[in-house]
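When a ligand or atom number is given, it counts from 1 through the structure's own listing order. Keep in mind the model is a prediction, meaning the values are calculated, not measured.
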Amino acid sequence: MTAATTSGPVLVINSGSSSLKYQLVTPGTGEVLASGTVERIGEPTGSVSHRSNGRRADSEQPIPDHGDALNVLRQQFDEHGPDLETAGIAAVGHRVVHGGPTFSDPVLIDDEVIQQIDDLSALAPLHNPAAVAGIKAARDRFSEVPHVAVFDTAFFATLPREAYTYAIPGELAEKYRIRRYGFHGTSHAYVSQQAADFLGRDYADLNQIVMHLGNGCSASAVRGGVAVEASMGLTPLQGLVMGTRSGDVDPGLHTFLHAELGLTFGQVDTLLNKQSGLKGLAGVNDFRELEALRQGGQDSAQLAFDVYVHRIKHYLGAYLALLGGLDVLVFTAGVGEHNPALRAAVLDGLSGLGMELDSAANEQRSGDIRVISSDSSKTSVLVVPTNEELAIARQTMELVA
Ligand code: ADP
């Protein structure tokens, strides 16, 4: 049994199809009491990594399903701490990728909500069933505390219809809920709010563009705290070039690959989601490895870098036109936070549009939120570390409290 308190930490759970990530975090201070990953669920040997008290414990064991993953999670806390009983978990917050048209805010989970998340599985066949499995298992094992679902799509529920509508037959789109949803919303919301707070400005007064550049990459335009554009679409495949995802391609490519190579839709899906992006262009999906190859003079790595930058500029320009002016440009996530060369390449030649980099500030390594534009830059360019777990914990507590 775990005693529930309203001031205790939140257990944040992110369930994927074969992995489960977790973090025990104090919403107020952001202190991380423990974190971990359970990987290779459903394979003969699963792996577990748990971090707490400045130590890391790794182990391997079979983890047939998400129920077992939750058992392993509890076992990690029992063996390596902190003691969940003493910690007094206030709630469990679940990251759910697709809220479809149903969910535009975090929601307290009950049986009906689980069914609704499951009903959206057609829109996110890889993600929502895994979230449902994780939620069911977690509710079973943490039955004394409230569980909250926080949706990756929620921040983009405000997109105007001209932004979210695909130019396909309207009836079809309506019947099958085909539209642009946008993803990574928790991160886009968190960093854009952080940027406003850091600058001492009212969130509602700022036009912002956010570039979330991690393994998955997405751009958003935020007018006065309200999302008005998102680069990801019906699925998280659209938009920017990513680690293994192509981002935008001509939709005719599917037919071409089918006609010329006999590829099935499933094979095309795998090709575009898992074998494309940086990996498809240069053979590696990790940006650090790409940079090493590029520094070593590998031309395909240089091309991958250039295509990645070109696409970002493409969206930056489009969103600038939509917003009609830009106060803040934010770089976030692994690549956005840590790669000065990428940021410099994106901002190269944009002084005429009011964006000017301070090269020394851009080069400086730091884990803190910071300005990297020059004093004369009209647009403030910021690096803002994202923290989706903390954002989920805070939204969970807001709802529970
Ligand atoms: P995810 O989308 O899985 O959360 P991250 O936000 O952690 O991914 O981003 C992963 C990407 O960020 C990888 O391409 C990685 O190379 C890059 N990255 C992470 N840390 C650094 C770093 N310190 N320096 C350069 N690149 C980094």
Side-chain angles (χ1 to χ4, degrees), residues 12-23 25 32 35-39 49 51 95-97 124 126-127 130 150 152-153 182-191 194 210-220 230-232 235-247 273-296 298 300-301 304-305 307-309 311-312 330-346 362-370 372 383-392:
V12 176
I13 294 181
N14 181 354
S15 311
S17 53
S18 66
S19 71
L20 186 147
K21 294 182 191 150
Y22 60 89
Q23 201 174 93
V25 56
V32 178
S35 65
T37 53
V38 182
E39 289 177 304
S49 176
R51 280 195 168 89
R95 175 182 184 226
V96 180
V97 165
L126 292 179
H127 296 106
V150 178
D152 236 27
T153 47
F183 298 87
H184 292 150
T186 306
S187 174
H188 286 265
Y190 176 78
V191 299
Q194 288 281 114
V210 176
M211 294 294 171
H212 174 111
L213 309 172
N215 278 315
C217 300
S218 58
S220 72
S231 61
M232 284 178 165
T235 75
L237 181 56
Q238 198 179 350
L240 302 178
V241 176
M242 315 187 204
T244 62
R245 283 174 254 170
S246 61
N273 273 295
K274 303 234 164 87
Q275 296 154 4
S276 295
L278 300 175
K279 189 174 186 190
L281 289 169
V284 293
N285 62 290
D286 189 290
F287 215 88
R288 280 170 288 200
E289 289 176 39
L290 181 83
E291 281 296 70
L293 295 176
R294 195 168 73 95
Q295 307 306 337
Q298 186 176 306
S300 63
F305 182 91
V307 174
Y308 188 91
V309 170
R311 189 79 54 81
I312 293 172
V330 176
F331 286 95
T332 193
V335 179
E337 291 168 30
H338 299 294
N339 195 302
L342 178 274
R343 296 190 299 254
V346 169
N362 182 46
E363 290 294 332
Q364 208 156 16
R365 305 268 165 182
S366 161
D368 295 331
I369 184 167
R370 58 204 186 273
I372 56 167
V383 174
V384 183
T386 192
N387 192 338
E388 287 167 279
E389 289 79 12
L390 179 59
I392 290 171

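- The shortest N/O to N/O separation between R365 and ligand 1 does not fall below 3.5 Å.
- Residue contacts with ligand 1: G243 is excluded, as none of its non-hydrogen atoms falls under 4.0 Å.
- Residue contacts with ligand 1: L213 is placed with no nitrogen or oxygen under 3.5 Å of a nitrogen or oxygen of the ligand (distance criterion only).
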Could you go through R288 and E291, starting from their C-alpha distance and side-chain angles, then the distance that decides it, and tell me whether this counts as salt bridge (Lys or Arg N to Asp or Glu O under 4.0 Å)?
CA-CA 5 Å; R288 280 170 288 200; E291 281 296 70; over 6 Å; no
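- When hydrogens are left out, the protein atom nearest atom 24 (N) of ligand 1 is H338 CB, 3.2 Å; that is the closest non-hydrogen contact.
- Considering backbone and side-chain N/O atoms, G334 comes within less than 3.5 Å of an N/O atom of ligand 1.
- Annotation: side chain to side chain contact (heavy atoms under 4.5 Å, CB included) contacts of A292 (sequence neighbours excluded): none.
- Taking CG from L237 and CE from M232, the interatomic distance works out to 8.5 Å, rounded to the nearest 0.5 Å.
- Within the 4.0 Å heavy-atom criterion, both parts of N215, backbone and side chain, lie near ligand 1.
- Between the side chains of S218 and H188, at least one donor N or O sits under 3.5 Å from an acceptor N or O.
- In terms of polar-atom proximity, A333 is not counted as a contact of ligand 1, lacking any N or O under 3.5 Å from an N or O of the ligand.
- Rounding to the nearest 0.5 Å gives a distance of 10.5 Å between CG of L278 and CE of M242.
- No side-chain donor from either of Q275 and T244 sits under 3.5 Å from a side-chain acceptor of the other.
- With respect to atom 25 (C) of ligand 1, the closest heavy atom belonging to the protein is R288 CG, 3.4 Å.
- Ranking protein heavy atoms by distance to atom 14 (O) of ligand 1, first place goes to F287 N, 2.8 Å.
- At a distance under 4.0 Å, no protein heavy atom can be found next to atom 4 (O) of ligand 1.
- Interatomic distance, OG of S35 versus NZ of K21, reported as 11.0 Å (0.5 Å rounding).
- Atoms of ligand 1 found under 4.0 Å from any heavy atom of G216 (numbered from 1 in listed order, with element): 2 (O).
- Under the side chain to side chain contact (heavy atoms under 4.5 Å, CB included) criterion, S17 pairs with A130, not counting sequence neighbours.
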Does the pair L281 and Y308 meet the rule for a side-chain contact (heavy atoms from CB on, under 4.5 Å), with working shown?
CA-CA 10 Å; L281 289 169; Y308 188 91; over 6 Å; no
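- Residue contacts with ligand 1 include D286, since one of its heavy atoms falls under 4.0 Å from the ligand.
- Close approach to V335 involves these atoms of ligand 1, each under 4.0 Å from a residue heavy atom: 11 (C), 12 (O), 14 (O), 17 (C).
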